[in-house]
Each structure stands twice: as C-alpha cells, then as structure tokens.
Amino acid sequence: MSKTTTEENPSYILRWSLTPSPSGPGGSERLVLRYSVQAFEELYVSDRLWDHRRKVGQVPDPFGVYRFVVGDTLRLVFEQAPHPPNIVPNNVFPPRFSRVAAGETLERSVDIALPVEEYSALARDVSEPSEVEQVEQVELVLGYCLRSELDADPVPPPNQSAEQAGYLLPKAPKRIVSRCKLETPIAVKHRSGYMARYPLHGEPAPGPAPLP
C-alpha cells in the first residue's frame, strides 16, 4: 500500500506506513497505520487523542486518529480537532502528549476500517451522507515539543496518570507534516455536507457551518 516514509530532524526521526491488515470482524477490510518516533533529545508527541464518557471520564478516542479528505489526499491527524468559527463547543478535546526520552523510540499502530470515514471529535457522525472516492496520497500530521523549550515538566490531567492519559502541554506544539504517495489508491467516504476539516498552513481556515 505505502512504503515506509521517513522524516528526519536533529531531534527525532519519524517513520510511518499505511498497509493492509487481515480482515477484521465480519470480514471487513482494514488498514494499519504504523508509526515510530525515535528521539535524540527528550520530546513530547501529540498522539494521545481522547474522548469523554459519563461515569468513566477520559478514555482513548475510539477512532484512534482523525481523518479528513482534502482533494485526492487523506489527512490523518493527531492534533486539535477543528471546529467552525461560529461554534463554541463545550469541550474542544485538546490532544494529550506522549513523552519520548532521549535515546528511546515510541512505537504505535492504529487500525483504520475501509472505506475510510471522515471523523474528528467535533464531527463524529460518520453516518452522514457521503460519496466514496479514491485518494492517491496520505498526509500524517503530528504535534511535538522539545522538553528543552519548556520551562517545566509537563504533567498529566488532574487525578490521572501519565501512563493512563498522557501529558498536558503548556504551549502550542510545533507541527510535523509528512506526505506519502500511495502505490495503490484507497477508498474514502467524503462527506457530502459540511464538516470542519483540518487546514494546514496557507490553506483557508474552516468556514462557518450552515445554519439549520
């Protein structure tokens, strides 16, 4: 599906791939996003997306990574979920961060069902009308921050452990954007109605949602 893509920096090496996986429950087709971050100095990575459940509190986001279709590209995002400028959500679901010590490597994977459904914590309804399209490129977006750029050690959310919930970051992270051309196009469900999608630098910000 895709070869391993590498992004190198004096502080880290990011490696990632998107490959077919064995059929899931009911024989459904799936992809696996695998990524690793090798740190040369201590840093924090925004790969801990979360949800909130009554009587339980914070839990890992059930989709694992946000998904947006932009032209012929599938954008996989471990960052703040975008919301329309005329909406003030009760919770904006800022991502939590994983700590990667100098000399360590963080490795994770996320299963993604096919066709890929557009989703974020502020656009959850994957049953909305959509059109199946083929995309030929994938963009992976992560936030990160070096410990040397912070005045103090990040802390986990109140009454939670870092292992359970990750870390809160006191400043906006830098952004890693890595692009990969797919060897074989994949099917995505592009929502027909309005959805706030994640813009990169230089792209127009989300416009207002249509009035009901």
Side-chain angles (χ1 to χ4, degrees), residues 1-21 30-50 60-61 63-82 93-112 116 120 135-156 161-186 198-203:
M1 180 66 67
S2 69
K3 299 178 181 178
T4 298
T5 300
T6 301
E7 301 291 339
E8 297 194 29
N9 179 287
S11 302
Y12 64 81
I13 297 177
L14 167 68
R15 297 182 177 91
W16 66 279
S17 63
L18 192 65
T19 57
S21 71
R30 308 184 72 81
L31 300 173
V32 177
L33 167 65
R34 293 184 176 88
Y35 64 94
S36 68
V37 178
Q38 179 183 356
F40 301 123
E41 63 173 296
E42 183 178 329
L43 54 82
Y44 292 82
V45 179
S46 67
D47 69 338
R48 303 285 289 270
L49 304 183
W50 58 282
D61 187 279
F63 280 72
V65 62
Y66 300 151
R67 305 100 186 267
F68 308 96
V69 179
V70 183
D72 67 348
T73 299
L74 171 63
R75 189 166 289 166
L76 301 175
V77 177
F78 291 101
E79 260 277 38
Q80 176 68 60
F93 297 93
R96 309 307 190 203
F97 288 73
S98 295
R99 175 181 177 269
V100 192
E104 293 185 352
T105 299
L106 171 74
E107 295 182 319
R108 294 259 170 83
S109 65
V110 178
D111 280 1
I112 301 175
V116 181
S120 81
V135 299
E136 299 180 347
Q137 180 171 257
V138 177
E139 293 173 336
L140 179 64
V141 181
L142 287 150
Y144 81 99
C145 186
L146 304 179
R147 172 62 185 88
S148 59
E149 299 174 335
L150 301 173
D151 294 330
D153 288 331
V155 297
S161 68
E163 181 179 351
Q164 171 193 17
Y167 293 89
L168 301 169
L169 205 67
K171 62 181 292 184
K174 298 177 182 178
R175 183 186 292 163
I176 306 171
V177 181
S178 183
R179 297 177 175 86
C180 174
K181 184 77 171 180
L182 298 173
E183 295 179 341
T184 304
I186 58 174
Y198 185 88
L200 294 177
H201 181 71
E203 295 179 348

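The figures here come from the full heavy-atom set of this structure, side chains too, leaving out hydrogens, waters and symmetry mates. The chain is numbered in sequence order, starting from 1.
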Fill in: Stepwise side chain to side chain contact (heavy atoms under 4.5 Å, CB included) check, Glu107 with Thr105
CA-CA 6 Å; Glu107 295 182 319; Thr105 299; 3.9 Å; yes

Item to complete: Only counting residues at least two apart or in another chain, list the ones meeting ring-ring contact (aromatic ring centres under 6.0 Å, His included) with Phe78.
Response: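 Phe78 satisfies ring-ring contact (aromatic ring centres under 6.0 Å, His included) with Tyr35 only.
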
Looking at [X] and [Y], what are the two nearest heavy atoms and their distance?
X      : Y      : answer
Arg147 : Ala152 : NH2-C, 3.4 Å
Trp50  : Pro94  : NE1-O, 2.5 Å
Leu14  : Ser178 : CD2-CB, 4.3 Å
Ala39  : Ala101 : CB-O, 3.6 Å
Gln80  : Tyr66  : C-CE1, 4.4 Å
Glu183 : Lys3   : OE2-CE, 3.0 Å

Let me confirm one number: the [atom1]-[atom2] distance from [X] to [Y], rounded to the nearest 0.5 Å.
X      : Y      : atom1 : atom2 : value
Arg48  : Asp61  : CZ    : CG    : 12.5 Å
Leu169 : Leu150 : CG    : CG    : 5.5 Å
Leu33  : Ser21  : CG    : OG    : 11.5 Å
Lys174 : Asn9   : NZ    : CG    : 7.5 Å
Ile112 : Ile186 : CD1   : CD1   : 7.5 Å
Glu104 : Leu43  : CD    : CG    : 10.0 Å

Fill in: Result of checking Lys181, Glu136, Gln137 against Thr73 for side chain to side chain donor-acceptor pair (under 3.5 Å)
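Running side chain to side chain donor-acceptor pair (under 3.5 Å) over Lys181, Glu136, Gln137 with Thr73 returns exactly one hit, Gln137.
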
Worksheet item: Just one of Arg96, Glu79, Arg108 clears the side-chain contact (heavy atoms from CB on, under 4.5 Å) bar with Asp47, so which one?
Response: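 Among Arg96, Glu79, Arg108, the one meeting side-chain contact (heavy atoms from CB on, under 4.5 Å) with Asp47 is Arg108.
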
Worksheet item: For Cys180 and Leu18, what are the C-alpha separation, side-chain angles and deciding distance, and is it a side chain to side chain contact (heavy atoms under 4.5 Å, CB included)?
Response: CA-CA 9 Å; Cys180 174; Leu18 192 65; over 6 Å; no

Heavy-atom side-chain proximity of [X] to [Y] below 4.5 angstrom:
X      : Y      : value
Leu76  : Leu74  : yes
Val141 : Leu200 : yes
Phe97  : Pro154 : no
Trp16  : Leu142 : no

Worksheet item: How far apart are the C-alpha atoms of Val177 and Arg179, what are their side-chain angles, what is the distance that settles it, and do they pass the side chain to side chain contact (heavy atoms under 4.5 Å, CB included) test?
Response: CA-CA 7 Å; Val177 181; Arg179 297 177 175 86; 3.9 Å; yes

Item to complete: Check whether the ring centres of Tyr144 and Tyr12 lie less than 6.0 Å apart, and answer yes or no.
Response: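 Judged by ring-centre distance (under 6.0 Å), Tyr144 and Tyr12 do meet the cut-off.
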
Worksheet entry | Qualifying salt bridge (Lys or Arg N to Asp or Glu O under 4.0 Å) pairs, either residue in residues 34-44, two or more places apart |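 Residue pairs with at least one partner in residues 34-44: Glu42-Arg99.
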
Practice prompt. Would you confirm whether Arg75, through its side chain, and Tyr198, through its main-chain N or O, come within 3.5 Å as a donor-acceptor pair?
Written response: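 Judged by distance alone, yes, a pair lies under 3.5 Å.
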
Fill in: Donor-acceptor contact below 3.5 Å, side chain Arg175 vs main chain Pro173
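No, because the side chain of Arg175 does not come within donor-acceptor range (under 3.5 Å) of the backbone of Pro173.
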
Fill in: From CA spacing to verdict: side chain to side chain contact (heavy atoms under 4.5 Å, CB included), Ser11, Phe40
CA-CA 5 Å; Ser11 302; Phe40 301 123; 5.6 Å; no

